[in-house]
Amino acid sequence: MIVRILGEGQYDLDDGALDALNGLDTQIESAIEAGDEDMFRTALQGLLAAVRSSGTHHAADSLDESDLILPPPDATIDEVRDLLGDDGLIPG
Amino acid sequence: MSLMKRISLIFRSKANKALDRAEDPRETLDYSYQRQLELLSKVRRGVADVATSRKRVELQVNQLEQQAAKLQAQAEKAIAADREDLAREALTRKSGLAQQITSLKEQQATLQGEEEKLVLAQQRLQAKVEAFRTRKETIKATYTAAEAQTRIGEAMSGIGEEMGDVGLAIQRAEDKTAQMQARGQAIDELIASGALDDASSLNAGDDISRELDALSSTSDVEAELARLKAGSAAPQAIEAGDGGDILEPAPEQQAAQRPAEGGQA
């Protein structure tokens with residue numbers, strides 16, 4: 001499975017690692033809903049650290065699509081909300 | 001749905017929209033390649049912009065550090081002259097500068113981080129653009145229009161995602177740089193207005209310097225006066241001793257003669 005951390009590139013992960021990530025992903029989502037910046041930050045850092053430690057860098061010259069995409073490490077809740085909006089942060 | 005999944009779907013739909021716009025799928029390849037090259041040069045400009053801002057902040061840090069050193073020296077001078085009030089004022093200003101310096105150094109680190117990120121983004125995009133160029137030529141040479149469609153879709157989605165990522169990185173770097181520039185300008189204005197007393201300006205004369213200068217010129221005058229008094233006594237003693245006036249320089253001779261005449265009268 002390929003996971004991209006925005007601003008950092010793509011990582012290859014075993015499918016088995018996904019379960020651990022899903023837990024953290026749920027925490028991030030509820031932090032965003034609650035508008036809890038501290039919880040959001042902690043959960044996001046945890047999620048990104050887990051991807052970095054259990055994954056390996058995907059070949060830079062591949063043209064493969066990622067299965068999952070994660071916000072950049074210094075993203076704020078507002079930025080992630082914008083990212084999720086249709087005409088949000090991602091330049092078309 | 002998971003956050004990770006939602007973000008990736010949004011990236012995908014953007015890439016697909018770009019793909020749908022072209023009528024001949026092969027045109028999509030060339031058009032996309034063109035956009036990739038444009039994005040690459042935009043990243044290069046971004047790197048240069050961030051580097052310029054970083055250097056400017058570094059320069060400001062240097063200026064403020066010089067100024068802090070100057071205030072420290074002033075405080076020491078003031079203590080030596082027994083002016084605790086002046087020393088206190090100098091140290092207070094120095095601590096104000098220290099806060100500015102700390103915040104500027106944080107900005108410097110942020111900009112350094114953005115610069116490194118953009119350099120890496122540039123390398124990643126470069127590798128992908130190169131791979132895309134090769135893939136595009138293969139697709140154009142080998143496949144019929146109908147077959148090409150699928151291959152193009154594959155090539156486009158991978159590069160589209162990277163472009164979205166890099167585009168976002170540039171946008172974020174630009175935003176951060178703009179914020180820093182606004183703050184940097186404020187510091188430049190402070191320096192220019194003399195509020196922080198720019199150490200680099202030649203006619204620098206803040207009030208502490210002026211008072212210290214006044215102090216030292218007062219003590220210089222006293223010292224000069226004392227030396228003159230001592231000096232006027234010495235030739236008198238010499239003249240009284242040998243009585244010879246030929247070897248004496250004219251001004252001193254005149255100065256020395258008056259008391260001598262007074263003595264004769």
Side-chain angles (χ1 to χ4, degrees), chain A residues 1-11 13 18-19 21-33 40 43-44 47-48 50-51 57-92, chain B residues 1-18 21 35 39 42 110 113-114 116-118 120-121 123-136 151-176:
Chain A
M1 190 178 56
I2 303 173
V3 177
R4 175 186 291 274
I5 298 178
L6 289 176
E8 280 181 39
Q10 294 170 300
Y11 292 84
L13 266 85
L18 190 62
D19 287 343
L21 300 184
N22 270 329
L24 287 160
D25 189 58
T26 313
Q27 271 186 42
I28 295 180
E29 282 204 289
S30 47
I32 292 175
E33 274 162 31
F40 165 77
L44 179 61
L47 182 57
L48 299 184
V51 171
H57 278 286
H58 192 69
D61 60 355
S62 81
L63 294 174
D64 300 323
E65 220 172 34
S66 304
D67 299 292
L68 299 170
I69 297 181
L70 294 176
D74 55 349
T76 60
I77 284 191
D78 289 341
E79 275 180 309
V80 174
R81 283 207 188 104
D82 286 347
L83 209 56
L84 293 170
D86 193 34
D87 277 323
L89 277 179
I90 307 161
Chain B
M1 198 196 303
S2 103
L3 172 76
M4 308 186 277
K5 200 81 206 163
R6 273 156 72 194
I7 298 178
S8 67
L9 283 180
I10 288 164
F11 267 78
R12 206 161 294 169
S13 79
K14 294 244 175 184
N16 288 340
K17 268 184 210 157
R21 272 199 283 267
R35 286 199 52 205
L39 184 59
K42 203 175 163 192
T110 308
E114 288 303 316
E116 282 162 14
K117 266 191 247 169
L118 279 187
L120 287 176
Q123 287 166 358
R124 281 197 307 270
L125 184 62
Q126 181 102 43
K128 283 213 184 336
V129 168
E130 190 50 41
F132 184 88
R133 194 184 61 82
T134 313
R135 184 87 64 94
K136 144 177 119 73
R151 311 277 167 178
I152 291 167
E154 285 164 12
M156 286 290 292
S157 54
I159 195 92
E161 185 185 304
E162 189 68 44
M163 287 172 76
D165 187 347
V166 169
L168 184 62
I170 296 179
Q171 210 172 67
R172 286 165 59 87
E174 275 173 359
D175 288 351
K176 282 192 186 153

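Chain identifiers are assigned alphabetically (A, B, ...) following the order of the sequence lines, protein sequences preceding nucleic acid strands; residue numbering begins at 1 within each chain. This one's a predicted model, so the numbers in the text were calculated from it and none came from an experiment.
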Can you find a heavy atom in the side chain of A/E8 that is under 4.5 Å from one in the side chain of B/D165? no

Could you tell me which portion of A/T26 (side chain, backbone, both or neither) has an atom closer than 4.5 angstrom to a non-hydrogen atom of chain B? neither

To the nearest 0.5 angstrom, please state how far the CD atom of B/E162 sits from the CZ atom of A/R4. 4.0 Å

Separation of B/L3 CG from A/L70 CG (nearest 0.5 Å): 7.0 Å

B/E116 versus chain A, heavy atoms under 4.5 Å apart: side chain, backbone, both or neither? neither

Given that the side chain runs from C-beta out, which part of A/L47 has a heavy atom under 4.5 Å from chain B: side chain, backbone, both or neither? side chain

Which atoms of B/Q123 are under 4.5 Å from chain A, going by heavy atoms: the side chain, the backbone, both sets, or neither? neither

Which atoms of A/I5 approach chain B - backbone, side chain, both or neither, heavy atom under 4.5 Å: backbone

Here the gap from A/I69 atom CD1 to B/R6 atom CZ, rounded to the nearest 0.5 Å, amounts to 13.5 Å

Between the CZ atom in B/R172 and the CG atom in A/D74, the distance rounded to the nearest 0.5 Å is 4.0 Å

Counting only heavy atoms closer than 4.5 Å, note whether B/A121 contacts chain A via side chain, backbone, both or neither. neither

Per-residue contact mode, A/P72 against chain B (heavy atom under 4.5 angstrom): side chain

Would one find more than 12 heavy atoms of other residues, nucleotides or ligands at under 6.0 Å from atom NZ of B/K176? yes

Spacing of CD1 belonging to A/I28 relative to CE belonging to B/M4, to within rounding of 0.5 Å: 8.0 Å

Within a strict 4.5 Å, meaning less than it, do heavy atoms of the B/K128 and A/D61 side chains meet? no

Rounded distance [0.5 Å steps], CD in B/E161 versus CG in A/L6: 8.5 Å

Which one, B/A169, B/S8, B/G158, B/A155, leads in non-hydrogen pairs under 4.5 Å with chain A? B/S8

Ranking B/E154, B/R135, B/K117, B/E130 by heavy-atom pairs under 4.5 Å to chain A gives rank one to B/R135

